[in-house]
Amino acid sequence: MSEEKTQPVSHFIKEIIKKDLEDNKNGSRVHTRFPPEPNGYLHIGHAKSICLNFGIAKEFNGLCNLRFDDTNPVKEELEYVESIKEDVRWLGFDWEDRLYFASDYFEQFYQAALQLIKDGLAYVDHLTADQIREYRGTLTQPGKPSPYRDRTIEENLALFEKMKNGDFEEGECILRAKIDMASPNINMRDPAVYRILKASHHRTGDKWCIYPMYDFAHGLEDSIEKITHSICTLEFEDHRPLYDWFLEKLNVFHPQQIEFARLNLTYTVMSKRKLLRLVKENIVSGWDDPRMPTIAGLRRRGYTPEAIRTFCEMIGVGKSESTVDLALLEYCLREDLNKRAPRAMAVLRPLKVTITNYPEGKVEQLEALNNPEDESMGVRMIPFSRVIYIEQDDFMENPPKKYFRLSPGAEVRLKHAYYITCDEVLKDSSGQPVELLCSYDPATKGGWSQDGRKVKGTLHWVSVDHAVDAEVRIYENLFNKPNPEDAEEGKDFLSNLNPNSLEIIADSKVEPGLMEMPARTSLQFLRHGYFTIDPDSKNGKLVFNRAVSLKDTWAKIQRNTSE
RNA sequence: AGCCGAGUCGUCUAACGGUAGGACAGCGGAUUCUGGUUCCGUAUGUGAGGGUUCGAUUCCUUCCUCGGCUGCCA
């Protein structure tokens, strides 16, 4: 595992913390938390938050908790809890013994609610949900008080007790904070504190039938854990006055909420709701489909934790809504894997080549460098013989200008092997080349020529008799618009799905040494890109995912000249 | 419309009253047994107006644009 070379960059949150440290606020303690709701898989946007929270703790000698914000039993599941733990660990972060659940605090939340009632700051409201909406007013008009707003403390206490005991049905009543129905901030117009949910919770079972709302619970969770800096995304900015109100009225330890802009990526949707739809509607194969921006998907695709961490460092942290170019993520992966991934030769779309002047039955073991960027990764031996496969794209009968590859009469280098010249093209009835007859120069063994003669093209290849079959999965963006939400009138993001986001090449040929490699090994297929061995691989049947292609200058030239 | 927040190269992000810088993407070139890597070079930016100041991306002000907020979701 290599260390990120990207140095931590400062940003406004770190500046706030540095100042707090200077002022000796919180006894110079820094304690953050990552508080996912277990209602879906983590995605690259969460990675930003994880890197931020755990990264800050590390940089300032503080601590970071992993806390599940599981206050809504109808949406949350154990499967998600497990996947989240796995993903955070995989990203390289350690919460040590500080794994917490909001549901562990339910009793404390209940006591706090009681306190609010006793202080005349909360009441049980029997308005229906529709009525509450009506009474709340609008963005421009103040709300009006509920007729139940002035129930006595004793009455509220008794009613809340009944709520807790299950004497009311869902929706019959709620507990509300008594704040200000005319506040310009709608969150302050007597927000809900507790609602009745007769659902079984994945951790507390049927012990409770009332569940606290986020605004009430979250600050208390932070307070209980003595969090110093409660970092969340921008949409909670309007909730901060409420966050502060609860903590102040309850007179408990008061963490500081700080909001930052969530990550958006081009060609990607990031909301859990939409990702859930892709999964539920079988548009992708699951949460870990390599086209998903989930941590599980990126992992299966072949992304490394190092690349993701570097990316999160490079994008910065700010308060303005922004959309990062997917190309930056890809750059981070290439940069990481270029240094670390062993090279291998894989022919994705094979074209047979017979080297007519190479002895039949002869096999040579040729030496190949595993990684030119890191000689300590050593060498391997690759079998060479009379009949080999090259890439179909590496031959053209009528090549355009600047085509360096094989064509009739042209000479190219076979990587690590010999120079060959194409003498004859054998075609099928439709005119498609099916086999090339070539001759090799025995004096160029290893890919060198003594006479200083140069060849422009170098091709990868595999020996037909030694090659191993493989399935290769080529991924493109799941969406064909930079902003998938940019859909026609009346259509949604699904109308922007890229029909070519997955291409399966079933009959590729790879060099034999890859048989021994374990799943999830990252490799560079020479001249193709970075690939990883998919867990679907079975004995005798390798499956590779392309994580990201190599930069392809030739493809770019072709694109530019065709325009 | 009310409240809150945000506007700096194409994108992301620095500059905290004193030379608008970096990264990615782009373009051009060199090197190369990967049309990869590496190296070198290059273009593009402070939303608009007014003010304060010797000096404004930075402070004030008006406007404009964008985002969030009217769940018993988080």
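Convention: sequence-line order gives letters A, B, ...; per-chain numbering from 1.
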Heavy-atom protein contacts under 4.0 Å, nucleotides 39-47 of chain B, coded B base, S sugar-phosphate only, - none: ---------
Sequence-aligned protein contact record of nucleotides 69-74 of chain B, with B where the base is within under 4.0 Å of a protein heavy atom and S where only the sugar-phosphate is: BBSBBB
What integer distance in Å separates [X]:[atom1] from [N]:[atom2]?
X	N	atom1	atom2	value
A:N338	B:rU32	CG	C1'	13 Å
A:M314	B:rA14	CE	P	13 Å
A:L329	B:rU13	CG	C1'	16 Å
A:D394	B:rG36	CG	P	14 Å
A:M181	B:rG2	CE	P	20 Å
A:E321	B:rC12	CD	C1'	13 Å
A:E259	B:rA6	CD	P	10 Å
A:I557	B:rC27	CD1	C1'	13 Å

Whole-Å [atom1] distance, [N] and [M]:
N	M	atom1	value
B:rG22	B:rA1	P	41 Å
B:rG36	B:rA30	P	13 Å
B:rU11	B:rU52	P	34 Å
B:rU19	B:rU58	C1'	15 Å
B:rU57	B:rG7	P	15 Å
B:rG68	B:rU62	C1'	24 Å
B:rG21	B:rC3	C1'	36 Å
B:rA25	B:rC54	P	45 Å

Under the rule for ring-ring contact (aromatic ring centres under 6.0 Å, His included), what residues qualify as partners of A:Y440, not counting sequence neighbours? A:Y358, A:Y418
How would you list, by chain and number, every residue that makes a ring-ring contact (aromatic ring centres under 6.0 Å, His included) with A:F544, sequence neighbours excluded? A:F525
Which part of the nucleic acid, if any, lies within reach of [X] when heavy atoms closer than 4.0 Å are counted: base, sugar-phosphate only, or nothing?
X	answer
A:Q524	base
A:T553	sugar-phosphate
A:K556	sugar-phosphate
A:F525	nothing
A:K319	sugar-phosphate
A:H416	base
A:V317	sugar-phosphate

Please pick, from [options], the nucleotide with the shortest atom-to-atom distance to any side-chain atom of [X].
X	options	value
A:T458	B:rU37, B:rU34, B:rG7	B:rU34
A:W554	B:rG35, B:rU11, B:rG5	B:rG35
A:E15	B:rC16, B:rC27, B:rG67	B:rC16
A:T140	B:rG2, B:rU11, B:rG35	B:rG2
A:L550	B:rU37, B:rU34, B:rC24	B:rU34

Under the salt bridge (Lys or Arg N to Asp or Glu O under 4.0 Å) test, residues paired with A:K48 that sit two or more places apart: none
For A:R262, give me all partners under salt bridge (Lys or Arg N to Asp or Glu O under 4.0 Å), at least two apart in sequence or on another chain. A:E235
When you check the phosphate oxygens OP1 and OP2 of B:rG35, does a side-chain N or O of A:K402 lie under 4.0 Å from one of them?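 Looking at the OP1 and OP2 atoms of B:rG35, neither is under 4.0 Å from any side-chain N or O of A:K402.
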Position toward the 5' end of RNA chain B (nearest nucleotide), A:S10 or A:R343: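 It is A:S10 whose nearest nucleotide is closer to the 5' end.
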Closest-nucleotide ordering on RNA chain B, the 5'-leading residue of A:E237 and A:L526: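 Comparing both residues, the 5'-ward one is A:E237.
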Quick test of your reading: applying salt bridge (Lys or Arg N to Asp or Glu O under 4.0 Å), list the pairs with at least one residue in [range], sequence neighbours left out, ordered by first then second residue.
range	result
residues 183-192 of chain A	A:R149-A:D190
residues 127-139 of chain A	A:D130-A:R133
residues 366-379 of chain A	none

Is the base of B:rG71 syn or anti, if syn means a glycosidic angle within 90° of 0? syn
For RNA chain B, stems built from three or more consecutive Watson-Crick or G-U wobble pairs below 3.5 Å: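 B:2-7 with B:64-69, B:10-13 with B:21-24, B:26-30 with B:38-42, B:47-51 with B:59-63 - these are the stems of 3 or more pairs that involve RNA chain B.
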Members of residues 261-272 of chain A that approach RNA chain B, where some heavy atom sits under 4.0 Å away: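 None - not one residue of the stretch has a heavy atom sitting under 4.0 Å from the strand.
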So does A:R349 pair up with A:D393, basic N to acidic O under 4.0 Å? no
Under 4.0 Å between a Lys/Arg side-chain N and an Asp/Glu carboxylate O for A:K162 and A:E172? no
Going by atom types alone, do A:H528 and A:E391 pair a side-chain donor with an acceptor below 3.5 Å? yes
Could you tell me if A:K18 and A:S10 have a donor-acceptor pair between their side chains, going purely by distance under 3.5 Å? yes
With sequence neighbours left out, write down each residue that passes side chain to side chain donor-acceptor pair (under 3.5 Å) with A:Y41, or none if nothing qualifies.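 For A:Y41, the residues satisfying side chain to side chain donor-acceptor pair (under 3.5 Å) (neighbours in sequence not counted) are A:E79.
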How are the rings of A:F109 and A:F106 set relative to one another: parallel (under 30°), tilted (30 to 60°) or perpendicular (over 60°)?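 The rings of A:F109 and A:F106 sit tilted, inter-plane angle from 30° to 60°.
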How many angstroms lie between NE2 in A:H201 and OG1 in A:T71, if you round to the nearest 0.5 Å? 7.5 Å
Spacing of CG belonging to A:L52 relative to CD1 belonging to A:I231, to within rounding of 0.5 Å: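 Spacing of CG (A:L52) from CD1 (A:I231) equals 5.0 Å.
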Between A:W245, A:F246, A:Y243, which is the residue that forms a ring pair (Phe, Tyr, Trp, His ring centres under 6.0 Å) with A:F216? A:F246
Looking at A:F101, I'd like to know if the NZ or CZ of A:R203 sits under 6.0 Å from its six-membered ring centre while staying within 45 degrees of the ring's axis.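 Output yes; distance and angle both within limits.
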